[in-house]
Amino acid sequence: MKLKILAVSTLLMILAAPLANAQNKELVDFPAEADPVNVGTRIVNKFLITPHTRFGNPRAEKAPNYVTYPDACTWLGALWFAKETGNKHLIDGLVKRFEPMFGQEKNMLPKMVHVDYNVVGAVPLEIYMQRGDKRCYELGMQYADSQWILPADAKPEQKKHAEKGYSWQTRIWIDDMFMITTIQSQAFKATGDRKYIDRAANEMVMYLDEIQRPNGLFYHSPEAPFFWARGNGWMAAGMAELLSALPNDNPNYKRIMKAYKNMMATLKKYQGDEGLWHQLIDGNDTWNETSGTAMFTYAMIVGVKNGWLKESDYAPVARKGWLGLVSRINSDDEVIDVCEGTNIKNDRDHYVNRKRIVGDLHAHAPLLWCASELVSLKK
């Protein structure tokens, strides 16, 4: 498979070239091959012709009988991108792809029993906000509301979380803080009801208190003390997404912002020469991984855009991350070097030796989030 990679000399020239002082210049002017409109359009079109995947991997032997969270996150990013670019053709295609969920593919909708399933509701809520489809509103709100409605067969641990005001789906896993915050943020945007965003912020603070390390990063789990890139990416993107919607009078706003900035400062130190972050963030001997890189880049773009991060310090880092990501898109419009699904294990080699997947939606989703935000900076 032929890979479209920017020549090293060209990439280094782009990264080293002096940049003008116009606002967000580093995040607006890109060479043609890295133009976010062109790149994003390619990735959305690829998604539209890719069947529902098995946890993000289009090459898996068996597809699940429901839509998985990487598909949902990519779908959501594609809708955001299509809206930012005003591309009605793409929006039509993405909406059409969802229509069977109300008919012959209704069985593809996952049960509302897990954070990785409930995040799927963010997609119909986005369609509702863009197209006004009441069916999508009702479906999406069921996913958002059920996350805080304790089921009759709840386990003791789930009951404990619910009694404290948290979601019964709480697990204290790092990816939860994108899954939970995204569906609840979408519900807030769709309804204007503060309860959705306020409870998401309350949940986020609990996770930060439980698992964030002093340097701002996150172990995969207390039993696996490793700074795995994609796991940390979910937290970085989750905080950025939450803060984008969270009113600054929320009592948890400052706490989350402090945690976010702490994480960004540490990530800035670990970015590699090619613009990517390593499979283990602090492991320079590990390979460059694209899904974590895309999530970190997204979190920094959002921070610069909103003035949370100093532009002169972080815009060049985000630019370098974007260019690094673009260099990892092959001629089939697939991102390479994506870490395969990774469960917790107290073994460094377990993370270092993970397979590198091609075309996995774990990377396509955050690349589209990045493209959407970069397009918005031109407006």
Side-chain angles (χ1 to χ4, degrees), residues 55-56 69-70 73 114-116 157-158 160-161 164 166-167 169-181 203-242 255-274 276-300 317 321 337-357 360 362-363 366:
F55 297 105
Y69 72 87
C73 293
H114 192 284
V115 294
D116 289 348
E157 189 67 19
Q158 294 171 333
K160 288 181 181 179
H161 289 309
K164 295 177 181 178
Y166 302 120
S167 171
Q169 295 180 2
T170 298
R171 303 179 300 169
I172 320 293
W173 285 33
I174 46 183
D175 50 336
D176 295 0
M177 283 298 93
F178 184 85
M179 308 305 166
I180 292 176
T181 57
E203 186 92 10
M204 174 66 80
V205 167
M206 185 264 285
Y207 272 67
L208 294 173
D209 288 344
E210 289 283 340
I211 61 176
Q212 190 173 35
R213 308 302 299 168
N215 67 355
L217 302 182
F218 299 82
Y219 287 154
H220 196 185
S221 82
E223 297 76 33
F226 307 104
F227 297 129
W228 176 44
R230 183 160 71 237
N232 276 266
W234 290 122
M235 290 296 310
M239 283 192 281
E241 174 63 14
L242 178 61
R255 171 71 179 89
I256 299 169
M257 182 64 75
K258 180 179 179 181
Y260 162 80
K261 288 183 176 180
N262 187 17
M263 186 181 198
M264 296 302 105
T266 297
L267 288 172
K268 181 175 180 290
K269 298 175 184 177
Y270 283 112
Q271 186 179 40
D273 293 339
E274 296 178 57
L276 291 91
W277 278 265
H278 296 281
Q279 163 73 346
L280 292 178
I281 295 171
D282 57 346
N284 290 336
D285 59 327
T286 64
W287 48 284
N288 289 324
E289 202 280 326
T290 50
S291 66
T293 291
M295 293 179 189
F296 300 151
T297 301
Y298 166 73
M300 289 186 180
V317 181
D337 294 334
V338 190
C339 179
E340 65 177 321
T342 299
N343 290 320
I344 294 165
K345 190 173 183 180
N346 189 7
D347 178 7
R348 189 175 190 271
D349 287 343
H350 168 71
Y351 295 88
V352 175
N353 297 325
R354 301 308 288 166
K355 292 180 182 177
R356 308 185 198 188
I357 305 296
D360 189 285
H362 282 94

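- Between Gln271 and Trp277 there is a side-chain heavy-atom pair separated by less than 4.5 Å.
- Using the six-membered ring where Trp is involved, His362 and Tyr69 have ring planes that are perpendicular, over 60° apart on the 30 and 60° scheme.
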message = Could you go through Tyr351 and His220, starting from their C-alpha distance and side-chain angles, then the distance that decides it, and tell me whether this counts as ring-ring contact (aromatic ring centres under 6.0 Å, His included)?
response = CA-CA 10 Å; Tyr351 295 88; His220 196 185; 5.5 Å; yes
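- At a threshold of 4.0 Å, the pair Arg230-Asp360 does not count as salt-bridged, since none of the basic side-chain nitrogens sits closer than that to a carboxylate oxygen.
- Here the side chain of Thr290 pairs a donor or acceptor atom with the backbone of Asp337 at under 3.5 angstrom.
- No side-chain heavy atom of Met235 sits less than 4.5 Å from a side-chain heavy atom of Leu217.
- Between Gln169 and Ser167, the side chains place no donor N or O within less than 3.5 Å of an acceptor N or O (distance only, hydrogens not considered).
- In this structure, the side chains of Met263 and Gln212 come closer than 4.5 Å at one or more pairs of heavy atoms.
- Ring-plane geometry between Phe178 and Trp234 is classed as tilted, the angle between the planes lying from 30 to 60 degrees on a 0 to 90 degree scale.
- Two residues are said to be in side-chain contact when any heavy atoms from C-beta on lie closer than 4.5 Å; Ile211 and Ile172 meet this criterion.
- No donor-acceptor pair closer than 3.5 Å links the side chain of Ser221 to the backbone N or O of Tyr219.
- Under the 4.5 Å side-chain criterion, counting only non-hydrogen atoms from C-beta, Tyr298 is in contact with Glu241.
- Within the 3.5 Å criterion, the main-chain N or O of Leu280 finds a donor-acceptor partner in the side chain of Thr286.
- A salt bridge links Arg171 and Asp175; the closest N-O separation between the charged side-chain nitrogens and carboxylate oxygens is under 4.0 Å.
- Annotation: side chain of Asn284 is in contact with side chain of His278 (closest heavy-atom distance under 4.5 Å).
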